[in-house]
Amino acid sequence: MTNAPQQNHISVQQQDFDLAAEYQALTANNQSDGAVVHFVGLVRDNNLGRQVQALELEHYPAMTSKALSELVDEARQRWDLGRVRLIHRVGKLGLGEQIVFVGVTSKHRGSAFAACEFLMDQLKTRAPFWKKEHTQQGEHWIEARESDRVKAGDW
Amino acid sequence: MTNAPQQNHISVQQQDFDLAAEYQALTANNQSDGAVVHFVGLVRDNNLGRQVQALELEHYPAMTSKALSELVDEARQRWDLGRVRLIHRVGKLGLGEQIVFVGVTSKHRGSAFAACEFLMDQLKTRAPFWKKEHTQQGEHWIEARESDRVKAGDW
Amino acid sequence: MIKVLFFAQLREVLGCANLELEANVRNIAELRAQLAQKGQSWQEFLASDKALVAVNQTLVNEDCALNSGDEVAFFPPVTGG
Amino acid sequence: MIKVLFFAQLREVLGCANLELEANVRNIAELRAQLAQKGQSWQEFLASDKALVAVNQTLVNEDCALNSGDEVAFFPPVTGG
C-alpha cells in the first residue's frame with residue numbers, strides 16, 4: 001500500500017464534510033478491502049422529548065485529536081483494518097447537519113462493523129466533546145447517558 | 001413522514017449505484033433520525049489466497065426481491081428503524097466494483113449498527129445469490145463459508 | 001405440473017436449468033428421490049446436505065408438501081453479499 | 001506552576017475557563033481539595049463523581065501525580081458523537 005493515502009485520517013473541524021469524498025478516500029486504490037462501514041451522526045429534531053433547534057459543540061482542542069488517535073490505535077490492535085477516517089465537527093450545528101463521521105475498511109465485514117461501532121461507542125465516553133442543546137425553552141448542556149457508559153464498557 | 005420517500009428501497013440490479021445518492025435518499029427530509037449506518041461490499045483482489053480478476057453474480061430473480069424484503073421486515077420487527085435501503089448487483093463485476101449496499105437510519109446508533117449488520121449477515125445465507133470467481137487459473141463457484149452460517153445463526 | 005429450477009453450479013453439473021414434472025410427488029423428499037433416478041450426478045448433487053430448496057420462492061424443509069403449479073428451486077448454499 | 005482548565009457546564013458554573021496554581025499539590029485528589037476551598041460551587045461541581053479529569057490531555061484517576069508544568073483539565077462526562 002505504498003502509494004495509498006494515509007491509513008488514518010482524523011480531523012476535528014468546524015466545516016462540514018462530504019460523505020462521497022470520504023468514501024472515495026476510503027476506497028480509491030484500495031482493492032484489498034472488500035468491506036466498508038460508515039457511520040454518520042446527524043442533529044435530530046427530538047431528544048428525550050425536547051424539540052431541538054440546534055446544537056453547539058464545544059471541545060478541548062489539545063486533547064481531542066490525541067484521544068481520537070488513541071481510539072483508532074486501539075481499534076487497530078483489536079481488528080485487522082484497512083483505512084480509518086474519523087471526523088468530528090465542533091461549533092454551532094443546525095437541524096439535520098452532520099456531526100460525526102466514522103469510516104472503516106477491512107478485508108471482512110465483521111471487523112469493519114465492529115471497529116466502526118467500537119469507535120463510536122468509545123468516542124461517546126472518552127473524547128472531550130460536549131453538546132449544548134438549543135430548544136424553544138432555552139439552552140442547556142446535554143447530560144451524559146448511562147446507556148453510553150454501559151455500551152463503551154461492553155467492548 | 002407523509003412526504004418522505006418510501007421507507008424501504010430494495011433493488012437487485014446490474015447497474016452500479018451511487019453512494020452519495022443513497023445517502024441523500026436516506027437523510028433528505030429526515031430530521032428525526034440521528035444515526036446512519038452504511039455497508040458497502042466491494043470486489044476485492046484476493047480471496048482465500050486466490051488472485052481475483054472479476055466476479056460473476058447469478059441470482060434467482062423471482063426469489064431475490066422477496067427474500068430481501070423478508071429480511072428487511074424482520075429487521076424492522078427487531079429494531080426501531082427509519083429508512084432502509086438495500087441494493088444488490090448481479091452480472092459481471094470487475095476488481096474494486098461495488099457489489100452490495102445496505103443503508104439504515106434510526107434515532108439511535110445501536111439500532112442502526114445492529115440492523116445493518118443483521119441484514120448483511122442474513123443476506124449472506126438466505127438471499128439466492130451466487131458468486132463465480134474469475135482468476136488467472138480459471139473460473140470457479142465460491143463455496144459458502146461456515147463462518148457466515150454461524151454469524152447468521154447468532155442473531 | 002411442478003416446475004423445477006436449478007441454479008449456479010447445480011445448474012452446471014446437472015446440465016439443466018429447469019424442467020417440468022407431473023405432480024405425482026407429495027413433498028420435497030419424494031421429489032429429490034424421483035430426480036435422483038435421473039443419474040449419478042443428480043443423486044449426488046441434489047442430496048439434502050448439498051442442495052437447498054425453495055418452494056414458491058421461500059426456503060423450505062424436506063417435508064414441505066408439493067402441489068400442482070408449485071415452483072421448486074434447488075441451489076447450492078448462497079454466496080452473495 | 002500547574003495550568004488548570006475547565007470545560008462546558010463546569011466552565012459556566014465556576015465562571016472560570018482556566019487558572020494557574022503553584023505546584024504545591026502532589027496529586028489530583030489534593031488539587032480537587034485545594035480548588036474546593038474557592039467556594040461552594042467549586043466544592044460541589046469539582047467532586048470526583050461529577051467532574052472527569054485529564055492530565056496532559058489524558059484521562060487519569062485521583063492518585064495521578066502532578067508536576068510543575070502539567071496541564072490539568074476538569075470537565076463533565078463527555079457527550080460528543
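Looking at V37(A), the atoms closer than 4.5 Å to chain B (heavy atoms on both sides) sit in the backbone and in the side chain alike. The part of Q98(B) that comes within reach of chain A is its side chain, from C-beta onward, which places non-hydrogen atoms under 4.5 angstrom from that chain.
To the nearest 0.5 angstrom, E22(B) atom CD is 11.5 Å from L19(A) atom CG. Distance check, rounded to the nearest 0.5 Å: NZ of K151(B) to NE2 of H108(A) gives 8.5 Å. N46(A) contributes atom CG, which lies 11.0 Å from atom CG of D33(B) (distance to the nearest 0.5 angstrom). Interatomic distance, CG of N30(A) versus CZ of R44(B), reported as 11.5 Å (0.5 Å rounding).
At a threshold of 4.0 Å, the pair D148(B)-R109(A) counts as salt-bridged, since one of the basic side-chain nitrogens sits closer than that to a carboxylate oxygen.
Between chain A and the options V52(B), T27(B), T105(B), D121(B), heavy-atom pairs under 4.5 Å are most frequent for D121(B). With chain B as partner, the option from A112(A), G96(A), C116(A) having the largest number of non-hydrogen pairs under 4.5 angstrom is C116(A).
For Q14(A), the CD atom sits in a loose shell: 12 or fewer heavy atoms of surrounding residues, nucleotides or ligands are nearer than 6.0 Å. Annotation for E146(B): atom CD counts as buried by contact number, over 12 foreign heavy atoms lying within 6.0 Å. With a 6.0 Å radius and a threshold of 12 heavy atoms from other residues, nucleotides or ligands, E143(B) has its CD atom at or below the threshold. Taking a 6.0 Å sphere around CZ of R149(B), one finds it holds 12 or fewer heavy atoms contributed by other residues, nucleotides or ligands. Heavy atoms from other residues, nucleotides or ligands lying under 6.0 Å from CD of Q15(B) number more than 12.
By the 30° and 60° cut-offs, the orientation of the rings of F39(A) relative to F113(B) is parallel.
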